[in-house]
Amino acid sequence: MQFNGIELVDGDIIKKENGKLIVPNNPIIGCIEGDGIGVDITPAMKLVVDKSVEKAYLGKKKISWYPLFAGENAFKKFNTYLPEDTVNAIKHIRVAIKGPLTTPVGGGFRSINVMLRQVLDLYACIRPVRYYNGIPSPVRHPEKMNVVIFRENTEDVYAGIEWKADSKEANQIIEYFKNNFNVDIREKSALGIKPVSQFGSERLIKMAIEYAIENNRKSVTLMHKGNIQKFTEGAFKQWGYELAKKEFSKYTIAEDEIGQQSVENKVIINDRIADNMFQQILTRTDEYDIIATTNLNGDYFSDACAAQSGGLGMAPGANIGENEAVFEATHGTAPKYASLDKANPSSLILSAKMMLDHLNWQEAATMLEQGLERTIADKTTTYDLARQMEGAKELSCSKFAEAIVNNL
Ligand code: NAP
């Protein structure tokens with residue numbers, strides 16, 4: 001079998017049976033190198049992952065990397081930024097990791113990242129944010145941050161349903177609303193639609209609650225803007241509480257039920273309004289644990305949390321659907337550093353750690369994370385962190401990866 005003209009030869013396919021991944025010892029994992037600094041950080045990530053797996057399993061397990069085309073290299077070869085074969089390959093092999101991709105400006109292109117999430121229905125964007133010792137941070141107690149954000153990835157204003165101001169469609173909708181609902185929208189307005197469904201909200205919140213239960217976390221906070229957007233954001237919150245009660249009553253307790261029944265060993269379900277949440281995470285950082293939220297809130301909030309604990313260069317991410325999972329660095333292509341062997345590969349390396357967790361290869365995941373932690377604690381880092389750390393030694397991207405390998 002082949003995709004984009006490349007045979008799937010080495011390695012075995014990851015399967016799924018009864019909702020569980022069956023991971024062979026030599027799984028095929030798709031890899032999108034990415035644009036810009038992708039050429040630097042992706043080989044660095046692969047080196048650290050390969051060495052962690054080799055060391056953790058004494059050579060009994062090994063990843064077989066399968067190249068996937070997307071972004072500029074796909075455009076050069078196939079005249080499209082996201083070939084259908086790349087999507088089909090991910091559907092077939094189930095797990096992939098990607099470097100950052102340029103969003104072509106103009107010409108009506110939508111983000112390739114958003115397209116990938118939508119065509120594969122990768123409905124949960126998961127972003128763990130924690131502090132690594134020694135990382136420069138703008139706050140006094142960055143070590144208090146240890147959250148995992150579950151952001152709904154397919155709905156909300158990100159669904160891409162919008163019309164230009166004064167377009168035929170926008171004007172027709174304005175007219176329709178006036179005639180049918182007695183709703184006045186200012187003439188020549190641009191319009192966007194914010195769909196939030198019970199199905200989409202529940203499957204995301206379910207994943208967050210299951211994660212909290214499996215990982216002995218203390219709470220799941222439903223972050224929303226339901227005080228203003230009652231039927232979208234407000235419904236997200238309501239569906240979340242109802243789902244917890246209906247499907248997880250043995251393991252969860254709503255915040256307003258505390259005192260009426262025992263909290264022992266139960267995950268607390270609470271909710272916070274989005275604007276409040278932004279100040280709470282600064283003033284009461286360690287009170288928050290797992291956060292489930294709608295798409296736009298999640299986008300803003302995960303970058304704010306990452307900034308608080310050391311910046312985007314350290315923030316990993318995963319996009320998970322029913323059948324496929326794509327792990328990705330959360331920063332962009334940083335074009336001015338492309339091919340300079342300078343950029344920080346940590347975000348992609350930590351995304352690979354999430355991937356190893358997803359494969360249930362915890363030994364390699366832990367080894368990788370500890371190797372990275374030791375390297376930073378030694379004050380040997382790439383330029384972005386070195387410039388903010390007193391007495392740090394600046395390493396190139398590839399030398400930083402080698403230093404992590406030496407610290408495994
Ligand atoms: P960016 O690529 O994230 O870079 C902005 C700045 O962040 C860089 O100039 C650099 O700051 C710092 N930075 C980012 N990644 C770094 C790393 N690994 N190591 C060290 N420093 C890093 O954001 P952008 O310039 O707004 O976006 C560029 C392109 O990336 C756009 O086409 C955008 O659409 C795309 N993008 C893709 C993704 C994705 O694929 N998931 C996400 C966001 C943006 P200093 O210069 O201060 O050192």
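Remember, it's 1-based here, ligands and their atoms both numbered in the order they're listed.
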Residue list, side chain to side chain contact (heavy atoms under 4.5 Å, CB included) with [X], at least two apart or on another chain:
X      : value
Ile193 : Ile161, Trp163, Pro195
Lys399 : Leu395, Ser396, Glu402
Gln172 : Lys168

Next on the checklist: Between Phe278 and Tyr300 (judged by ring centroids, cut-off 6.0 Å), do the two rings come close enough to count as a pair?
Outcome noted: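 For Phe278 and Tyr300, the ring centres are not under 6.0 Å apart.
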For ligand 1, list every N/O pair with the protein closer than 3.5 Å, one pair per line with the distance.
{"unit_1": "ligand 1", "atom_1": "2 (O)", "unit_2": "Thr333", "atom_2": "N", "d": "3.0"}
{"unit_1": "ligand 1", "atom_1": "2 (O)", "unit_2": "Ala334", "atom_2": "N", "d": "2.7"}
{"unit_1": "ligand 1", "atom_1": "3 (O)", "unit_2": "Gly332", "atom_2": "N", "d": "2.7"}
{"unit_1": "ligand 1", "atom_1": "15 (N)", "unit_2": "His331", "atom_2": "ND1", "d": "3.4"}
{"unit_1": "ligand 1", "atom_1": "18 (N)", "unit_2": "His331", "atom_2": "NE2", "d": "3.2"}
{"unit_1": "ligand 1", "atom_1": "18 (N)", "unit_2": "Asn344", "atom_2": "O", "d": "2.9"}
{"unit_1": "ligand 1", "atom_1": "19 (N)", "unit_2": "Asn344", "atom_2": "N", "d": "2.9"}
{"unit_1": "ligand 1", "atom_1": "21 (N)", "unit_2": "Tyr383", "atom_2": "OH", "d": "3.0"}
{"unit_1": "ligand 1", "atom_1": "30 (O)", "unit_2": "Thr333", "atom_2": "N", "d": "3.0"}
{"unit_1": "ligand 1", "atom_1": "30 (O)", "unit_2": "Thr333", "atom_2": "OG1", "d": "3.3"}
{"unit_1": "ligand 1", "atom_1": "32 (O)", "unit_2": "Thr103", "atom_2": "N", "d": "3.2"}
{"unit_1": "ligand 1", "atom_1": "34 (O)", "unit_2": "Thr103", "atom_2": "OG1", "d": "3.1"}
{"unit_1": "ligand 1", "atom_1": "40 (O)", "unit_2": "Leu101", "atom_2": "N", "d": "2.8"}
{"unit_1": "ligand 1", "atom_1": "40 (O)", "unit_2": "Asn113", "atom_2": "OD1", "d": "3.2"}
{"unit_1": "ligand 1", "atom_1": "40 (O)", "unit_2": "Asn113", "atom_2": "ND2", "d": "3.0"}
{"unit_1": "ligand 1", "atom_1": "46 (O)", "unit_2": "Lys336", "atom_2": "NZ", "d": "2.9"}
{"unit_1": "ligand 1", "atom_1": "46 (O)", "unit_2": "Tyr337", "atom_2": "OH", "d": "2.9"}
{"unit_1": "ligand 1", "atom_1": "47 (O)", "unit_2": "Arg387", "atom_2": "NH2", "d": "3.4"}
{"unit_1": "ligand 1", "atom_1": "48 (O)", "unit_2": "Tyr337", "atom_2": "OH", "d": "3.0"}
{"unit_1": "ligand 1", "atom_1": "48 (O)", "unit_2": "Tyr383", "atom_2": "OH", "d": "2.5"}
{"unit_1": "ligand 1", "atom_1": "48 (O)", "unit_2": "Arg387", "atom_2": "NH1", "d": "3.4"}
{"unit_1": "ligand 1", "atom_1": "48 (O)", "unit_2": "Arg387", "atom_2": "NH2", "d": "3.2"}

Checklist entry - Please walk me through it: do Asp275 and Lys225 pass salt bridge (Lys or Arg N to Asp or Glu O under 4.0 Å)? => result CA-CA 8 Å; Asp275 36 340; Lys225 193 65 192 151; 3.1 Å; yes
Item to check | Sidechain N-carboxylate O distance under 4.0 Å for Lys342, Asp40 | outcome: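 Result for this pair is no, no salt bridge flagged.
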